Amino acid sequence: MVQVADRELEMRDIEIPAVGADEGLLRVQACGLCGSDVEQYAGGTVSRGLGSYPMIPGHEPVGVIEAVGAAAGARWGVRVGDRVALEPHLSCGACANCLAGRYHLCRILRPSGISSYGYLPMEFGHGLWGGYASHIHLHPRSVLHRLPDSLPLKLATMYQAIAGGVRWSVYLPETALGDTVLVQGCGQRGLGAVIACREAGVSRIIVTGLARDAFKLDLALALGAQHAIVADREDTVARVLQITGGRGADVVVDLAPGAPQTVSHAIDAVKVGGTVVLAGLKGGRAASIDTDRVIFKEIALRGAFSQGWQAYEQALRILDENRHDLARLKTHEFPLAQAAHAIGILAGDVPGEEGICLSLYP
Ligand SMILES: [Zn+2]
Ligand SMILES: [Zn+2]
């Protein structure tokens with residue numbers, strides 16, 4: 001499925017290129033969708049100058065190695081027939097960001113635009129860069145994760161949502177046993193954060209969402225959050241202070257999309273010396289924050305973009321162990337031809353449908 005314009009996908013037959021010694025070919029089994037797919041479909045990638053049409057979307061694919069060159073197979077540790085999840089980012093491995101472990105911020109392979117599966121335009125290289133397809137041609141710099149044999153496909157496609165929770169709510173804020181964590185936003189990433197916090201031994205998880213997200217807030221509670229705050233009906237900061245005896249949360253993770261005011265809620269709801277992680281994109285809308293409060297409270301404010309190797313490995317373990325009945329997050333699976341419909345459900349635009357984690361299969 002090729003995106004040819006804003007809100008326009010079309011099915012095309014594209015010849016699969018030959019696989020060189022340093023490359024591979026992935027037969028896509030399924031591709032997960034997230035809020036970035038909604039934004040990309042609406043035209044956000046091109047309007048922000050990060051890509052151009054035509055492109056094949058889909059940055060959360062899992063599949064089977066159909067072919068692999070000798071050098072690539074040795075480097076990736078995979079053989080034909082292995083099931084893998086693909087990390088979206090392509091990096092050079094040699095620049096300052098790569099060497100510092102921030103390979104997801106590498107800009108060398110494509111200085112303007114996103115160097116990521118699902119976002120590279122078809123004019124770049126061989127063009128088969130997206131998970132909305134039967135096959136992805138694997139670049140030499142691809143990063144793959146072997147899937148545990150026992151992990152069902154239905155769960156495997158949620159690896160990026162869970163990995164986001166692991167990095168943003170546990171690794172980056174250095175969340176510790178017994179902490180109180182406020183998770184702002186209850187979409188797939190917010191629920192991923194709830195699951196990661198459970199795994200990390202967080203004692204109190206507080207989740208916020210909107211009144212229309214009632215089904216997601218209910219799921220957050222079922223997954224082990226202790227408190228759900230309806231942010232458009234209640235005062236989030238007052239509730240958090242009440243729950244924590246006036247102290248505030250040890251960690252606040254802002255995953256709320258589009259709403260800049262949640263950033264100032266985070267600063268008010270976090271404890272003195274606490275950490276706020278910002279991972280919810282606001283679509284370019286600037287947040288107005290009281291920086292004096294950040295100073296007086298000595299708050300650590302961290303931006304978080306993407307997940308990273310260790311978080312993906314932990315996500316696949318969590319999905320495979322499945323101690324939280326994670327199939328509850330997987331609301332829809334559609335054939336590739338229904339990609340636009342699936343994106344509409346995820347965007348909340350289809351009456352009567354409540355989507356959290358969705359995937360497409362070719
Ligand atoms: Zn995504
Ligand atoms: Zn690099």
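Treat the numbers as computed from the prediction; the structure is a model and nothing was measured. In each ligand, atom 1 is the first atom listed, and ligand 1 is the first ligand listed.
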- Under 6.0 Å between ring centres, would you say that holds for Tyr103 and His89? no
Q.
Could you check whether His137 and Trp129 have their ring centres less than 6.0 Å apart?
A. no
ang(SG Cys95, the Zn ion (ligand 2), SG Cys106) rounded to 10° is 110°
The N/O/S atom of His59 lying closest to the Zn ion (ligand 1) is NE2
min-distance N/O/S atom, Glu60 vs the Zn ion (ligand 1), resolves to OE2
Glu353 side chain to His332 side chain, donor-acceptor N/O pair below 3.5 angstrom
yes
- Can you tell me if Asp6 and Tyr41 form a side-chain donor-acceptor pair at under 3.5 Å? no
